[in-house]
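Working notes, beginning with the structure itself.
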2 protein chains.
Amino acid sequence: MPRIVAERTDTLPTLAEIFREYGYNGASLSLISKATGLGKGSLYHFFPGGKAEMATAVLEEIEAWFQTNIFTPLLDTSDPACAITEMLDTVMAYFQSGQRVCLVGSLALNDPEDRFVSLVSRYFEGWINTLTQLFENAGYVDASDLAEQVVVEIQGGIVLTRALHNPALFQRRMEKLKQRIIALAERQD
Amino acid sequence: MPRIVAERTDTLPTLAEIFREYGYNGASLSLISKATGLGKGSLYHFFPGGKAEMATAVLEEIEAWFQTNIFTPLLDTSDPACAITEMLDTVMAYFQSGQRVCLVGSLALNDPEDRFVSLVSRYFEGWINTLTQLFENAGYVDASDLAEQVVVEIQGGIVLTRALHNPALFQRRMEKLKQRIIALAERQD
DNA sequence: TCCAATCTGTACTGATAAGTACAATCAGAA
DNA sequence: TTCTGATTGTACTTATCAGTACAGATTGGA
């Protein structure tokens, strides 16, 4: 029997896409098996805990990705306008202008049996805290408030873009958000 | 066999709560049967189309409720600050400060087989269009943009509040939103 | 070459899913 | 009262679910 994947890590992107597309409950093992090309034997070999463990692994990978590609760069730059612009560009690409569901947000709305509470809250806390630090460094008043606002608009933008099938909406929201933050910066000077 | 409900309308609030709590896929018929106190016989008698018809009926009732309690009052008042304040109060009560999931938003993120696209988009279009009209009447610039922004913040607020189990977040967002809109109004004069 | 650990497919279990069939029961009209 | 149509519970079918068991295949090292 030929080997298909070397490590379970290789399956995580596919798993993530399935969970995003069908939701946690809608993602059945047969669907997962079809999408990954792995039989049940392999799936349970890599994830003895079944679907819950798959979702946990996916969430952890997502958090790591955000840590590397979103959070860390935010604090690298000294110019907040530049940092925010860069972040929103990455965010737009990652969520495909809101057409791609945020799995963490989706699990926030519907977490079966509260399995993923801690991972979900850690993700959003991390994001908000990093943004807060950025805004504090830049001398903004109400830094944490603004940080909260940014994440709210991203999540809300995804919901509305999905609802209206209108990626332009997401792009428009992100653009306006950027302008508002930059305008606030100028007022600080 | 005793009669339990007079009309299928009576079951809609319970059905709505189930779908909100467990999501469309997570709401099994046995769960629905338990929550409503109706056996399968009754459920299929009222909703021959099964779960999909239940969800459709719920969505239609939600839309009607918003039409009456949110959209119509928005255009009744001439003062936009007053109208927005009233709306946000109703919204906060309805979504229980973000602790209660927006079923339409939840279906926007995960619509199994795109069953509810038209209902979902109609709901959000109605909301945005009404707000746009309000802002236009009040002489705001970028009325439709502001309308979009309001709905985005409500949906995003729900996601984050659910994620962080922090209803204060939702209340804070709504309060800031209100202030921002009122500030914009004053700038128009 | 051969062996042990890793990987994989198939076949199975028991539970639960949606949906159907139907007889029993009810309420209200005649 | 009696009848009719609306309502309800139970039992059933069929499909799919998650999860287990296990034998066969593969790989890389000894």
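Chain naming here is simple, since letters A, B, ... match the order of the sequence lines and numbering starts at 1 in each.
Nucleic acid contact for A:Gly50: sugar-phosphate only, since backbone atoms but no base atoms lie under 4.0 Å from a heavy atom of the residue. Base engagement by A:Gly41 is indicated by at least one non-hydrogen atom pair under 4.0 Å involving a base atom.
Here the C1' atom of nucleotide D:dT8 and the CD1 atom of B:Ile32 are 17 Å apart, to the nearest Å. Straight-line distance from the NE2 atom of B:His45 to the P atom of D:dA6: 7 Å, rounded to whole Å. Atom CZ in B:Phe46 sits about 11 Å away from atom P in D:dA6, given to the nearest Å. As rounded to whole Å, 14 Å separates atom C1' of D:dT10 from atom CG of B:Leu43. Note: CG (A:Leu38) to P (C:dT10) measures 13 Å, nearest angstrom.
Summarising the geometry of A:Phe47 relative to A:Glu53, their closest heavy-atom pair is C-OE1, 3.7 Å, with the distance given to 0.1 Å.
Of the charged side-chain nitrogens involved, at least one lies within less than 4.0 Å of a carboxylate oxygen, so that A:Glu175 and A:Lys178 count as a salt-bridged pair. With respect to B:Glu148 and A:Lys176, no salt bridge is recorded, no charged nitrogen being found less than 4.0 Å from a carboxylate O. Ion pairing of B:Arg122 with B:Glu125 is absent here, as no side-chain N (NZ or NE/NH1/NH2) approaches a carboxylate O to less than 4.0 Å.
If you check the side chains of A:Glu153 and A:Gln149, you find a donor sitting under 3.5 Å from an acceptor. Side-chain atoms of B:Gln99 and B:Arg162 form no donor-acceptor pair, as typed in the model, at a separation below 3.5 Å.
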Below 3.5 Å is the cut-off: list the nitrogen or oxygen pairs between protein and nucleotides 15-18 of chain D, distance only.
unit_1: D:dC17; atom_1: OP1; unit_2: A:Ser28; atom_2: OG; d: 3.1
unit_1: D:dC17; atom_1: OP1; unit_2: A:Ser30; atom_2: OG; d: 3.4
unit_1: D:dC17; atom_1: OP2; unit_2: A:Ser30; atom_2: OG; d: 3.1
unit_1: D:dA18; atom_1: OP1; unit_2: A:Leu29; atom_2: N; d: 3.3
unit_1: D:dA18; atom_1: OP2; unit_2: A:Leu29; atom_2: N; d: 2.7
unit_1: D:dA18; atom_1: N7; unit_2: A:Lys40; atom_2: NZ; d: 2.9

